[in-house]
Amino acid sequence: MASRGGSTRGRRVTGASDPQQQRRESGPQTDKGQQRRDQLLEAAHTVFERKGFVDARVADIVAEARVAQGTFYSYFDSKDTIFREVCEIVVERMMADVAAATVVPPDASMRERIRAGLRGYIEVYRENARMIALMEQVGTFTPEMRETRLHVREAWLAQLERVLKRQQADGIADPTLDPFMTVQVLGAMADHTCYVWLSLGKPFEEEDVLESLTTVWARTIGVDDSTSWRTAAGTAPA
(Lines give C-alpha, C1' and ligand atoms only; values in the text may rest on other atoms or scores of the structure.)
Protein backbone atom coordinates (compact mmCIF):
# COMPACT_ATOMS: atom_id res chain seq x y z
CA MET A 1 0.00 0.00 0.00
CA ALA A 2 1.41 3.38 -0.89
CA SER A 3 1.63 5.67 2.07
CA ARG A 4 -0.45 8.79 2.03
CA GLY A 5 2.31 10.55 3.86
CA GLY A 6 5.48 10.86 1.64
CA SER A 7 6.26 13.84 -0.49
CA THR A 8 4.21 17.01 -0.60
CA ARG A 9 1.93 15.20 -3.06
CA GLY A 10 1.33 12.42 -0.55
CA ARG A 11 3.57 9.83 -2.25
CA ARG A 12 6.24 7.81 -0.53
CA VAL A 13 9.79 8.94 -1.13
CA THR A 14 11.55 5.87 -2.52
CA GLY A 15 15.10 7.04 -3.04
CA ALA A 16 17.21 7.70 0.03
CA SER A 17 20.73 9.06 -0.05
CA ASP A 18 23.44 6.72 1.25
CA PRO A 19 23.77 8.56 4.60
CA GLN A 20 19.99 8.49 5.02
CA GLN A 21 19.78 4.77 4.29
CA GLN A 22 22.65 4.03 6.66
CA ARG A 23 21.01 6.04 9.42
CA ARG A 24 17.72 4.21 8.91
CA GLU A 25 19.38 0.80 9.05
CA SER A 26 21.87 1.38 11.86
CA GLY A 27 19.97 3.95 13.90
CA PRO A 28 21.10 7.37 15.11
CA GLN A 29 24.81 7.67 15.87
CA THR A 30 24.51 10.55 18.36
CA ASP A 31 22.38 11.42 21.38
CA LYS A 32 20.93 14.33 19.44
CA GLY A 33 19.97 12.03 16.58
CA GLN A 34 18.30 9.58 18.97
CA GLN A 35 16.38 12.43 20.61
CA ARG A 36 15.19 13.61 17.21
CA ARG A 37 14.07 10.10 16.27
CA ASP A 38 12.23 9.70 19.59
CA GLN A 39 10.63 13.09 19.01
CA LEU A 40 9.27 11.90 15.67
CA LEU A 41 7.93 8.70 17.22
CA GLU A 42 6.10 10.59 19.96
CA ALA A 43 4.70 13.04 17.41
CA ALA A 44 3.56 10.15 15.20
CA HIS A 45 1.81 8.53 18.15
CA THR A 46 -0.07 11.76 18.83
CA VAL A 47 -1.04 12.25 15.18
CA PHE A 48 -2.21 8.65 14.69
CA GLU A 49 -4.40 8.82 17.79
CA ARG A 50 -5.88 12.14 16.67
CA LYS A 51 -6.36 11.52 12.95
CA GLY A 52 -6.21 7.75 12.53
CA PHE A 53 -3.83 5.94 10.19
CA VAL A 54 -5.55 6.60 6.86
CA ASP A 55 -5.93 10.36 7.30
CA ALA A 56 -2.56 10.97 8.96
CA ARG A 57 0.21 12.32 6.71
CA VAL A 58 3.94 12.62 7.11
CA ALA A 59 3.38 16.38 6.91
CA ASP A 60 1.19 16.15 10.03
CA ILE A 61 3.88 14.21 11.90
CA VAL A 62 6.69 16.64 11.10
CA ALA A 63 4.42 19.57 11.98
CA GLU A 64 3.66 17.98 15.35
CA ALA A 65 7.37 17.27 15.92
CA ARG A 66 8.33 20.74 14.65
CA VAL A 67 11.02 19.45 12.33
CA ALA A 68 11.64 19.72 8.59
CA GLN A 69 10.05 17.07 6.38
CA GLY A 70 13.48 15.98 5.19
CA THR A 71 14.34 15.10 8.79
CA PHE A 72 11.59 12.49 8.81
CA TYR A 73 13.16 10.66 5.87
CA SER A 74 16.51 10.59 7.61
CA TYR A 75 15.01 8.10 10.07
CA PHE A 76 11.94 6.52 8.43
CA ASP A 77 11.11 5.75 4.82
CA SER A 78 7.30 5.97 5.06
CA LYS A 79 4.27 6.48 7.23
CA ASP A 80 3.83 2.70 7.35
CA THR A 81 7.31 2.23 8.82
CA ILE A 82 6.87 4.69 11.63
CA PHE A 83 3.39 3.34 12.40
CA ARG A 84 4.78 -0.18 12.86
CA GLU A 85 7.42 1.09 15.26
CA VAL A 86 4.90 3.17 17.20
CA CYS A 87 2.75 0.04 17.60
CA GLU A 88 5.67 -1.98 18.94
CA ILE A 89 6.49 0.77 21.45
CA VAL A 90 2.85 0.95 22.56
CA VAL A 91 2.75 -2.81 23.20
CA GLU A 92 6.04 -2.76 25.12
CA ARG A 93 4.73 0.04 27.31
CA MET A 94 1.43 -1.76 27.80
CA MET A 95 3.15 -4.92 29.05
CA ALA A 96 5.28 -2.91 31.46
CA ASP A 97 2.25 -0.94 32.66
CA VAL A 98 0.18 -4.10 33.18
CA ALA A 99 2.96 -5.53 35.34
CA ALA A 100 3.16 -2.29 37.31
CA ALA A 101 -0.62 -2.17 37.76
CA THR A 102 -0.80 -5.77 39.01
CA VAL A 103 -0.17 -5.24 42.69
CA VAL A 104 -1.27 -7.97 45.13
CA PRO A 105 -0.33 -8.78 48.73
CA PRO A 106 2.09 -11.70 49.23
CA ASP A 107 -0.64 -13.91 50.68
CA ALA A 108 -3.10 -13.31 47.83
CA SER A 109 -4.82 -16.38 46.43
CA MET A 110 -4.21 -17.48 42.84
CA ARG A 111 -7.68 -16.30 41.87
CA GLU A 112 -6.95 -12.88 43.39
CA ARG A 113 -3.72 -12.73 41.39
CA ILE A 114 -5.54 -13.58 38.16
CA ARG A 115 -8.14 -10.93 38.92
CA ALA A 116 -5.46 -8.32 39.65
CA GLY A 117 -3.67 -9.13 36.40
CA LEU A 118 -6.87 -8.80 34.41
CA ARG A 119 -7.77 -5.56 36.17
CA GLY A 120 -4.37 -4.17 35.25
CA TYR A 121 -4.86 -5.30 31.65
CA ILE A 122 -8.26 -3.57 31.47
CA GLU A 123 -6.85 -0.32 32.87
CA VAL A 124 -3.98 -0.29 30.40
CA TYR A 125 -6.19 -1.33 27.49
CA ARG A 126 -8.54 1.57 28.25
CA GLU A 127 -5.63 4.02 28.10
CA ASN A 128 -4.49 2.63 24.74
CA ALA A 129 -7.83 1.69 23.18
CA ARG A 130 -7.46 4.13 20.29
CA MET A 131 -4.09 2.74 19.17
CA ILE A 132 -5.25 -0.85 19.61
CA ALA A 133 -8.25 -0.16 17.38
CA LEU A 134 -5.91 1.32 14.77
CA MET A 135 -3.73 -1.80 14.90
CA GLU A 136 -6.82 -3.90 14.20
CA GLN A 137 -7.82 -1.65 11.32
CA VAL A 138 -4.40 -1.34 9.73
CA GLY A 139 -3.81 -5.07 10.14
CA THR A 140 -6.35 -5.65 7.35
CA PHE A 141 -4.51 -3.55 4.76
CA THR A 142 -1.42 -5.50 3.75
CA PRO A 143 0.52 -8.67 4.65
CA GLU A 144 3.17 -6.47 6.33
CA MET A 145 0.57 -4.83 8.53
CA ARG A 146 -0.96 -8.19 9.42
CA GLU A 147 2.47 -9.41 10.47
CA THR A 148 2.85 -6.35 12.66
CA ARG A 149 -0.51 -6.99 14.33
CA LEU A 150 0.40 -10.61 14.97
CA HIS A 151 3.82 -9.64 16.27
CA VAL A 152 2.52 -7.22 18.87
CA ARG A 153 -0.12 -9.77 19.95
CA GLU A 154 2.42 -12.58 20.28
CA ALA A 155 4.64 -10.44 22.51
CA TRP A 156 1.89 -10.34 25.14
CA LEU A 157 0.92 -14.00 24.71
CA ALA A 158 4.53 -15.16 25.08
CA GLN A 159 4.59 -13.51 28.48
CA LEU A 160 1.33 -15.23 29.48
CA GLU A 161 2.68 -18.58 28.28
CA ARG A 162 5.76 -18.24 30.50
CA VAL A 163 3.55 -17.50 33.50
CA LEU A 164 1.29 -20.51 32.81
CA LYS A 165 4.27 -22.85 32.44
CA ARG A 166 5.61 -21.64 35.77
CA GLN A 167 2.21 -22.20 37.39
CA GLN A 168 2.10 -25.73 35.97
CA ALA A 169 5.60 -26.46 37.26
CA ASP A 170 4.59 -25.19 40.71
CA GLY A 171 1.51 -27.44 40.78
CA ILE A 172 -0.90 -24.49 40.67
CA ALA A 173 -2.30 -24.93 37.15
CA ASP A 174 -3.52 -28.05 35.34
CA PRO A 175 -0.37 -29.76 33.96
CA THR A 176 -2.33 -31.44 31.15
CA LEU A 177 -3.07 -28.13 29.42
CA ASP A 178 -1.18 -27.14 26.29
CA PRO A 179 0.36 -23.83 27.46
CA PHE A 180 0.60 -22.38 23.96
CA MET A 181 -2.99 -23.01 22.89
CA THR A 182 -4.41 -22.20 26.33
CA VAL A 183 -2.97 -18.68 26.34
CA GLN A 184 -3.99 -18.22 22.70
CA VAL A 185 -7.61 -18.87 23.68
CA LEU A 186 -7.58 -16.98 26.99
CA GLY A 187 -5.67 -14.06 25.50
CA ALA A 188 -8.17 -13.81 22.64
CA MET A 189 -11.00 -13.85 25.18
CA ALA A 190 -9.59 -10.93 27.19
CA ASP A 191 -8.42 -9.01 24.13
CA HIS A 192 -11.66 -9.25 22.17
CA THR A 193 -13.86 -8.57 25.19
CA CYS A 194 -11.95 -5.34 25.82
CA TYR A 195 -12.06 -4.47 22.11
CA VAL A 196 -15.86 -4.83 21.93
CA TRP A 197 -16.24 -2.92 25.19
CA LEU A 198 -13.60 -0.18 25.07
CA SER A 199 -13.07 0.29 21.33
CA LEU A 200 -16.47 -0.50 19.82
CA GLY A 201 -18.40 0.93 22.76
CA LYS A 202 -20.51 -2.03 23.88
CA PRO A 203 -21.80 -0.97 27.33
CA PHE A 204 -20.55 -3.36 30.02
CA GLU A 205 -20.16 -2.88 33.76
CA GLU A 206 -16.47 -3.12 34.63
CA GLU A 207 -16.96 -5.38 37.64
CA ASP A 208 -19.12 -7.74 35.56
CA VAL A 209 -16.42 -7.96 32.89
CA LEU A 210 -13.70 -8.48 35.46
CA GLU A 211 -15.59 -11.16 37.39
CA SER A 212 -16.50 -13.09 34.24
CA LEU A 213 -12.98 -12.98 32.81
CA THR A 214 -11.50 -14.02 36.14
CA THR A 215 -13.90 -16.95 36.57
CA VAL A 216 -13.35 -18.31 33.07
CA TRP A 217 -9.57 -17.85 33.29
CA ALA A 218 -9.27 -19.48 36.72
CA ARG A 219 -11.49 -22.43 35.84
CA THR A 220 -9.74 -23.00 32.52
CA ILE A 221 -6.29 -23.37 34.05
CA GLY A 222 -7.63 -25.43 36.96
CA VAL A 223 -7.29 -22.91 39.77
CA ASP A 224 -11.03 -23.09 40.55
CA ASP A 225 -12.78 -26.42 40.99
CA SER A 226 -15.14 -26.54 38.04
CA THR A 227 -17.85 -27.93 40.32
CA SER A 228 -17.55 -25.23 42.99
CA TRP A 229 -20.62 -23.42 41.68
CA ARG A 230 -22.72 -26.51 42.35
CA THR A 231 -21.51 -26.68 45.95
CA ALA A 232 -22.12 -22.97 46.42
CA ALA A 233 -25.68 -23.44 45.17
CA GLY A 234 -26.28 -26.20 47.68
CA THR A 235 -26.15 -29.08 45.20
CA ALA A 236 -23.73 -31.91 45.71
CA PRO A 237 -21.19 -32.36 42.89
CA ALA A 238 -21.91 -35.21 40.53
Side-chain angles (χ1 to χ4, degrees), residues 1-17 19-28 32-98 121 123-156 191-192 194-202:
M1 177 184 68
S3 171
R4 291 186 61 181
S7 67
T8 54
R9 290 179 150 187
R11 292 193 300 269
R12 173 176 170 173
V13 173
T14 57
S17 65
Q20 279 182 325
Q21 192 61 41
Q22 183 178 9
R23 189 179 297 131
R24 292 173 188 172
E25 292 174 354
S26 62
K32 183 177 180 180
Q34 186 60 55
Q35 290 172 1
R36 185 61 54 83
R37 193 175 192 277
D38 291 343
Q39 183 180 355
L40 283 163
L41 285 165
E42 288 297 328
H45 188 170
T46 299
V47 169
F48 288 132
E49 283 199 327
R50 183 171 63 233
K51 303 193 70 170
F53 177 80
V54 173
D55 292 332
R57 302 173 303 153
V58 169
D60 299 320
I61 296 171
V62 298
E64 181 71 26
R66 298 184 178 182
V67 299
Q69 188 149 326
T71 301
F72 178 93
Y73 294 106
S74 293
Y75 301 100
F76 306 98
D77 63 6
S78 68
K79 182 179 72 170
D80 293 10
T81 302
I82 198 170
F83 180 79
R84 287 196 293 269
E85 189 157 342
V86 167
C87 290
E88 291 181 1
I89 292 171
V90 167
V91 172
E92 288 175 4
R93 289 177 180 172
M94 284 181 65
M95 290 192 294
D97 290 346
V98 168
Y121 180 75
E123 290 174 358
V124 173
Y125 195 108
R126 180 182 287 112
E127 295 171 1
N128 295 276
R130 174 63 171 160
M131 280 301 302
I132 295 170
L134 286 177
M135 291 181 210
E136 293 290 342
Q137 176 194 31
V138 176
T140 66
F141 291 173
T142 66
E144 292 79 13
M145 291 298 183
R146 285 195 293 274
E147 286 298 317
T148 297
R149 177 64 182 102
L150 286 173
H151 173 70
V152 296
R153 180 177 185 273
E154 292 305 315
W156 178 52
D191 182 64
H192 194 67
C194 287
Y195 177 70
V196 170
W197 174 30
L198 300 172
S199 295
L200 298 185
K202 178 73 173 178

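None of the values given here were measured: they were computed from a predicted structure. We count residues from 1, following the sequence as given.
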The reported gap from OG in S78 to CZ in R84 (rounded to nearest 0.5 angstrom) is 6.0 Å

Heavy-atom nearest pair, L198 first then A129, reads O-CB, 3.9 Å

Rounded to the nearest 0.5 angstrom, the OH-OG1 distance for Y73 and T81 is 10.0 Å

CZ of F48 to CD1 of I82, rounded to nearest 0.5 Å, is 6.5 Å

Taking every heavy atom of L40 against every heavy atom of V62, the minimum-distance pair comes out as CD2-CG1, 4.5 Å

The reported gap from NE2 in H192 to CG in L200 (rounded to nearest 0.5 angstrom) is 7.5 Å

Residue set satisfying side-chain contact (heavy atoms from CB on, under 4.5 Å) with E49, at least two apart, ordered chain then number -> H45, R130, M131

Residues Y121 and V98: closest non-hydrogen pair is CA-CG2, 3.8 Å

* Asked: Any side-chain heavy-atom pair from R37 and E85 closer than 4.5 angstrom?
  -> yes

> Between the side chain of T46 and the main-chain N/O of E42, is any donor-acceptor distance below 3.5 Å?
Replying inline: yes

Note to self: For K51, is there an ion pair with D60 - N to carboxylate O distance below 4.0 angstrom?
What the structure shows: yes

Establish, yes or no, whether a centroid distance under 6.0 Å links the rings of W197 and Y125.
no

Output for pair (M94 CE, E123 CD), nearest 0.5 Å, gives 12.0 Å

Nearest heavy-atom approach of S199 to A133 is OG-CB, 4.0 Å

Heavy atoms of A56 and G52 approach each other most closely as CB-O, 3.1 Å

field: F53 backbone acceptor or donor facing K79 side chain under 3.5 Å
entry: yes

Correct closest heavy-atom pair for Q39 and A65 would be NE2-O, 2.5 Å

